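For clarity, every value in this text was computed on a predicted model and none was experimentally measured.
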Amino acid sequence: MLAPKPVFFNKCTIGYLYRLRTYASPPPRPPPQLSLLADKCTSMDQLKQVHAQMVVSARVHDNFAASRLLSFCALSECGDLSYALRIFQSTREPNGFMWNTLIRAQASGPNPCKAIFLYMKMRRLGVVPGKHTFPFLLKSCSSVRSLKFCRQVHTQVLKFGLDLDLHVFNGLLKSYSLSGCLDDARCMFDVFPERNLSVWTTMVCGYAQNFRSDEALVLFDQMVAEEYEPNGAIPTMASVLSACAQSGCLELGKKIHAFMKEKGIEMGVILGTALVNMYAKNGAISMAWSLFDSLHEKNIATWNAMICGLATHGHGEEALSLFRKLQKEHVMPNDITFVGVLSACCHVGFVECGREIFQSMERVYGIEPKIEHYGCMVDLLGKGGELLEAEELIKKMVWKADVVILGALLAGCRKHGSCEIAERVVKEILVLEPHNHMVHVVLSNIYAEAGRWDDVLRLRKVMKRRNVKRTPGWSIVDDV
DNA sequence: CTAGGGTTAG
């Protein structure tokens, strides 16, 4: 039998090269454009697939693609910050964009201080900040309201020569005016060579947020005189009205409303909502109602502003009937709506109604309750005396109970004199905050109201051992 | 090569 004659390829023949290409080397597939794929992600699942692609094709160190992934995880609504952090940690040399993205995410997250620490880390590694770093960093300074941080960041801005950038300047103004240095902000504003509408807006809002509505009004008039453009006016008005709502400047709000009428600025959803919110927050409920009814375009934020305004001013029943109307008109509520409605139930003590609404959130509307909603429910059940149910609800949560939610339950225990549950709650709070002595005081008040004097004395000894100072909260204990 | 301010809750 003749063995098949091996085909001999000289190293120089075309055939050899061809064989090398087709068999010896892995089949060459055009590499997918990972950064383009990353841009098209709409969910974390898709993003993880793209990330997996990156790993298997040994391109985890493609910084550009990684940046896009990071930006989705960190900033998108359906993103996942912890996943973003993992991508970041697995990157060999994160570029400036990646640092900025993380700083931005942390600045708008629940713990804005982290943005500042991130910046320090970035500087320690010698990465140079750019004009996109500071606006985000300054945002976290504004929410922390720490003058110390503001000044430190300001020196960094000067060091890197970015003090003439309008966005950076605007961030500086905002954080100074929120950290109690409004007058310093004004000085900077007066000497700055360039101004735009957002800088003006920041300054006017700064006065409004610092309860100086007269000066806000003067500046507002000046702004209108110097550069008024109807299109740019909408964001300005909206932020100023929001500042009025937060700080209770009803007069300034009214004047802006009058100004809008005078200039014939169209009342769109955004300005309409801002006005309804401003009137409702300031307790001008009838004004808010008439405005709400006259708006021909409403969105869910408008309804929320009205419902929450009613709830916070003790018109719980009206808030609930407005919610029924919303359901009748087939408007889709969101999670904020339910915070308002549940807190309305709290104010009027409608336990059964609150229970039903809480159930309907997920079943009817497919909205997953957040910790705020659980907080409202625990508050409601606790006030209504359903303490065991409230405790069960806390256990069912996927998050660890925080001090706020446990405090709500403790308040319920006090109202209904339940020592057993109160003891358990206090124990849990002390795990979270070992130095929170106030809970001892509350607990001893609960014991005192139940007439359990020996427990009061026992607790008093505990407090003495822990060297707790006397506070006004002791009053009932002192009656022993 | 990518990115920065407008309405609603806590």
Side-chain angles (χ1 to χ4, degrees), chain A residues 33 35-36 38-39 62-72 74-75 95-105 107-108 110 130-139 142 162 165-171 173-174 196-203 205 231-246 267-278 280-281 288 291-292 295 297-312 319 326 331 333-344 346 370-376 379 402 404-405 408:
Chain A
Q33 282 289 321
S35 54
L36 289 181
D39 265 346
D62 175 350
N63 258 3
F64 187 64
S67 304
R68 307 317 312 252
L69 290 184
L70 188 80
S71 145
F72 180 87
L75 304 176
N95 54 21
F97 178 81
M98 294 173 94
W99 282 102
N100 292 350
T101 307
L102 271 197
I103 288 177
R104 178 181 174 191
S108 40
K131 62 175 180 175
H132 287 290
T133 313
F134 289 110
F136 305 126
L137 192 58
L138 285 163
K139 189 178 174 190
S142 340
L162 291 165
D165 184 280
L166 259 180
H167 285 290
V168 176
F169 176 67
N170 196 15
L173 275 192
K174 207 175 277 179
N196 64 9
L197 212 51
S198 54
V199 173
W200 275 102
T201 308
T202 303
M203 213 53 240
C205 286
N231 289 335
I234 294 173
T236 311
M237 305 278 182
S239 345
V240 177
L241 284 172
S242 166
C244 293
Q246 282 165 29
M267 183 85 70
V269 224
I270 290 180
L271 285 181
T273 306
L275 273 173
V276 167
N277 180 45
M278 191 275 298
K281 276 282 157 49
L291 213 88
F292 181 81
L295 287 179
E297 197 190 345
K298 298 186 190 92
N299 66 13
I300 188 60
T302 323
W303 289 86
N304 289 348
M306 197 64 218
I307 290 175
C308 296
L310 287 169
T312 48
L326 172 143
V331 183
N334 66 7
D335 51 338
I336 300 172
T337 319
F338 285 102
V339 174
V341 176
L342 289 175
S343 67
C346 268
K370 288 187 181 172
I371 195 158
E372 293 96 318
H373 304 107
Y374 278 90
C376 290
D379 196 10
D402 59 1
V404 178
I405 211 164

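Going from atom CG of A:D62 over to atom C1' of B:dC1 covers 12 Å, rounded to whole Å. If you measure from atom CG of A:L70 to atom P of B:dA3, you get 14 Å, rounded to the nearest angstrom. Atom pair A:H373:NE2 and B:dG10:C1' shows a separation of 10 Å (rounding to whole Å applied). Nucleotide B:dG10 holds its C1' atom 6 Å from the CD atom of A:E372, rounded to whole Å. If you measure from atom CH2 of A:W99 to atom C1' of B:dT2, you get 18 Å, rounded to the nearest angstrom. For A:I103 and B:dT2, the CD1 to C1' distance is 16 Å, given to the nearest whole Å. In this entry the distance linking CE of A:M306 with P of B:dT8 reads 15 Å, nearest Å. Rounding to whole angstrom units, NZ of residue A:K281 and C1' of B:dT7 are separated by 11 Å.
No aromatic stack links A:W303 and the base of B:dT8, using centre distance under 5.5 Å and interplanar angle under 30°.
At a cut-off of 3.5 angstrom, the base of B:dA9 holds no donor-acceptor pair with the side chain of A:N304. If you check distances only, the side chain of A:D165 does reach the base of B:dG4 with a donor-acceptor pair under 3.5 Å.
Residue A:D402 is classed as having no contact, given no heavy-atom separation below 4.0 Å to the nucleic acid. Counting non-hydrogen atoms under 4.0 angstrom, A:K174 reaches nothing in the nucleic acid. Within 4.0 Å (heavy atoms only), A:N277 reaches sugar-phosphate atoms of the nucleic acid but no base atom.
Comparing B:dG6, B:dT8, B:dT2 against the side chain of A:N334 picks out B:dT8 as the nearest. Relative to the side chain of A:T312, the nucleotides B:dA3, B:dG10, B:dC1 differ in distance, and B:dG10 lies closest. Taking only side-chain atoms of A:F136, from C-beta outward, the nucleotide of B:dT8, B:dT2, B:dG4 with the closest atom is B:dG4.
For the atom pair CD1 of A:I103 and CG of A:L137, the computed distance is 6.0 Å after rounding to the nearest 0.5 Å.
Of all non-hydrogen atoms in A:A243 and A:C205, the two that sit nearest each other are CB-O, 4.1 Å.
Look at A:K298 and you won't find any side-chain N or O under 4.0 angstrom from OP1 or OP2 of B:dT7. Put simply, A:R104 has a side-chain N or O that comes within less than 4.0 Å of OP1 or OP2 on B:dG4. Phosphate proximity of B:dA3 to A:S71: absent, as no side-chain N or O sits under 4.0 Å from OP1 or OP2.
A donor-acceptor pair is defined here as one N or O able to donate and one able to accept, closer than 3.5 Å; such a pair exists between the side chain of A:H373 and the backbone of A:D335. With A:S343 contributing its side chain and A:V339 its backbone, the two residues share a donor-acceptor pair below 3.5 Å. A:N299 places a side-chain N or O within donor-acceptor distance of the main-chain N or O of A:T302, the cut-off being under 3.5 Å.
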